[in-house]
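Residues take their numbers from the sequence shown, with the count starting at 1. All values reported here derive from a predicted model rather than from experimental measurement.
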Amino acid sequence: MGLKPLNDYTMACRKMMFDIKSKEWSKPILSFLGIKAEQLGEVVPSTEIIGHIDKYGEIALPFTLPVIVGSHDCDCGMYGAGAGIPDSGIIGDITGTYDHLGFIEQGFVNAGTENLEAEIFSYCGPLIDTSVCLGAFPTSGAVLEWFMREILDDCSPAAYDMMWKHAEFRGDSSLMFNPHFSGNLGGIYGLGLTKTKEDLFESMIESLTFESRRILEGCKKIKKGSCDKVWVGGGAARSEKWMQLRADIWGCRVERMQNIEVSSVGAALLAAVKVELYQDIKSAARSMLHIRDSYEPSKDISDRYELKYRQYLELVSNGIKTRGGSA
């Protein structure tokens with residue numbers, strides 16, 4: 001766009017050289033690495049207006065537009081999934097290659113010192129005096145893609161639709177799937193001669209949902225106030241069955257966003273507040289965020305998954321201890 005390159009708070013934090021309390025490049029880290037702050041660039045809030053444009057490439061615009069620096073897609077997604085609305089009790093789930101669950105808190109939060117066992121990370125939020133609190137399972141989408149490519153040998157949309165059409169999640173299968181493929185820790189347990197590809201698919205989806213529950217439980221340990229629902233966006237939100245499975249395994253209400261492209265929606269929401277189309281985040285959210293449908297836990301199924309979840313945690317824990325995380 002021909003504008004000055006800048007970092008916003010969220011992207012600066014991902015360089016692991018930014019002091020999240022003082023909001024400047026860390027002098028001790030830069031000194032140790034032999035890097036000057038000027039080499040990394042200026043850091044500004046995510047809603048900073050960095051210039052104006054009246055054309056984009058060769059396309060002339062009918063009016064002049066302000067350009068806002070924006071933030072990391074995941075952090076925009078937290079606003080698009082309702083998890084940036086103050087005092088809302090909402091945790092956001094942004095699904096895709098990663099499965100991110102988290103929220104944005106007012107003020108400074110150091111999740112590591114507040115509850116290290118929760119495995120939730122915190123860093124500067126897109127807005128001044130906010131903190132992102134976030135956990136993620138990094139290979140969620142990759143494990144699903146691996147299954148379709150290597151087991152089913154078909155990654156077409158029709159193949160995905162077929163697997164979801166036949167999937168039934170009742171919590172009574174003997175199969176257990178370990179999705180920790182990083183470090184070669186993955187595995188499938190409880191196989192028998194009667195098991196089918198559909199059974200394997202169901203077990204894999206269950207395991208990914210177990211992992212997101214672990215993150216959700218970590219978020220609840222950090223978040224101030226109640227956490228009574230999760231708003232979901234991203235690729236997994238296309239499946240009604242996966243939304244219901246989330247409710248059954250998580251044991252809480254799950255609500256699917258009307259527009260599941262939550263990162264784009266969140267970026268638009270932040271920009272709308274900055275240019276004063278809305279007074280604040282709450283008023284923008286009332287107009288821009290809408291729920292498509294809601295899912296409540298089915299008690300009998302949820303009870304079965306509660307037992308299976310405990311078995312899953314033991315399985316994964318033993319697998320990591322046995323293999324020691326070796327590649």
Given side-chain contact (heavy atoms from CB on, under 4.5 Å), test R214 with L313 step by step and report yes or no.
-> CA-CA 9 Å; R214 285 168 50 140; L313 292 179; 3.6 Å; yes
Where do K299 and D303 land on the salt bridge (charged side-chain N to carboxylate O under 4.0 Å, His left out) test, with the steps shown first?
-> CA-CA 6 Å; K299 187 179 185 311; D303 287 346; 2.8 Å; yes
Same apolar cluster (I L V M F W Y, side chains within < 4.5 Å links), I260/V254 = no
Can you name the nearest heavy-atom pair linking V69 to T47, along with the distance?
-> CG1-N, 4.4 Å
Under 3.5 Å side-chain donor-acceptor pair for W242 and T95 | no
Supply the atom-to-atom distance S140 OG to E145 CD, rounded to the nearest 0.5 angstrom.
-> 12.0 Å
Does a sphere of radius 6.0 Å around CE in M162 hold more than 12 heavy atoms from other residues, nucleotides or ligands, not counting ones at 6.0 Å or beyond?
-> no
Between K23 and F18, is NZ or CZ placed under 6.0 angstrom from the six-membered ring centre and within 45° of the ring axis?
-> no
Would you give the length of the straight line joining atom CZ of R246 to atom CG of D99, rounded to the nearest 0.5 angstrom?
-> 5.0 Å
N/O donor-acceptor pair under 3.5 Å between D248 side chain and L245 backbone | no
Output for pair (M163 CE, I205 CD1), nearest 0.5 Å, gives 9.0 Å
Specify whether F147 and F201 have parallel, tilted or perpendicular ring planes, treating 30° as the upper limit for parallel and 60° as the lower limit for perpendicular.
-> tilted
Does the S226 side chain pair with the main chain of D228, one donor and one acceptor, at a distance under 3.5 Å?
-> no
For S203 and L200, indicate whether the former's side chain and the latter's backbone hold a donor-acceptor pair under 3.5 Å.
-> no
Taking the side chain from K241 and the backbone from W164, do they hold a donor-acceptor pair closer than 3.5 Å?
-> yes
Separation between OG1 of T10 and CG of L134, rounded to the nearest 0.5 Å = 11.0 Å
K21 side-chain N/O to F108 backbone N/O, donor-acceptor pair under 3.5 Å | no
Are Y309 and F137 grouped together when hydrophobic residues (ILVMFWY) are joined by side-chain heavy atoms under 4.5 angstrom apart?
-> yes
Scanning both residues in full, the closest heavy-atom pair of V132 with C124 reads CG2-O, 4.0 Å
Going from CD on E206 to CD on E211, what distance comes out if it is rounded to the nearest 0.5 angstrom?
-> 13.0 Å
Heavy-atom count around Q279 CD within 6.0 Å, excluding the residue itself: above 12?
-> no
Could you state the interatomic distance from CG (L30) to CE (M17), rounded to the nearest 0.5 Å?
-> 6.5 Å
Is it the case that more than 12 heavy atoms not belonging to E150 sit under 6.0 Å from its CD atom?
-> yes
Indicate yes or no: does E306 engage R213 in a salt bridge with an N to O separation below 4.0 Å.
-> yes
From the list C13, S26, S131, side chain to side chain contact (heavy atoms under 4.5 Å, CB included) with I20 holds only for C13
Test side-chain contact (heavy atoms from CB on, under 4.5 Å) applied to Y79 and L127, step by step = CA-CA 11 Å; Y79 283 100; L127 300 180; 3.5 Å; yes
Please report the closest heavy-atom contact between G51 and L3, naming both atoms and the distance.
-> CA-CD2, 4.2 Å
Identify the two heavy atoms, one from M243 and one from A237, that lie closest to each other, and give their separation to 0.1 Å.
-> CE-CA, 3.6 Å
Classify the angle between the aromatic ring planes of Y305 and F210 as parallel (below 30°), tilted (30 to 60°) or perpendicular (above 60°).
-> perpendicular
Flag yes if I50 and Y9 sit in one hydrophobic cluster, no otherwise; membership is Ile, Leu, Val, Met, Phe, Trp, Tyr, and two members link when side-chain heavy atoms are under 4.5 Å apart.
-> no
Nearest heavy-atom neighbours spanning A111 and S122 | N-OG, 2.8 Å
Test side-chain hydrogen bond (donor to acceptor under 3.5 Å, both in side chains) on W250 and S302 and set out the steps.
-> CA-CA 8 Å; W250 296 350; S302 188; over 6 Å; no
After noting the C-alpha distance and the side-chain angles of R286 and Y278, does the key distance pass the side-chain hydrogen bond (donor to acceptor under 3.5 Å, both in side chains) rule?
-> CA-CA 10 Å; R286 282 195 295 269; Y278 299 100; over 6 Å; no
Between E296 and R253, does a salt bridge (charged side-chain N to carboxylate O under 4.0 Å, His left out) hold up when you go through it step by step?
-> CA-CA 5 Å; E296 297 284 353; R253 179 189 297 177; 2.8 Å; yes
Please lay out, stage by stage, how D75 and Y123 fare under the test side-chain hydrogen bond (donor to acceptor under 3.5 Å, both in side chains).
-> CA-CA 10 Å; D75 306 315; Y123 50 92; 2.5 Å; yes
Going through the checks in order, is the side-chain contact (heavy atoms from CB on, under 4.5 Å) test met by N178 and Y189?
-> CA-CA 8 Å; N178 184 342; Y189 307 88; 4.0 Å; yes
Heavy-atom donor-acceptor pair, D153 side chain to M148 backbone, under 3.5 Å = no
Heavy-atom nearest pair, M176 first then Q311, reads CE-C, 3.7 Å
Are F63 and Y56 joined in one hydrophobic group, where the rule is that I, L, V, M, F, W and Y side chains link up if heavy atoms are under 4.5 Å apart?
-> yes
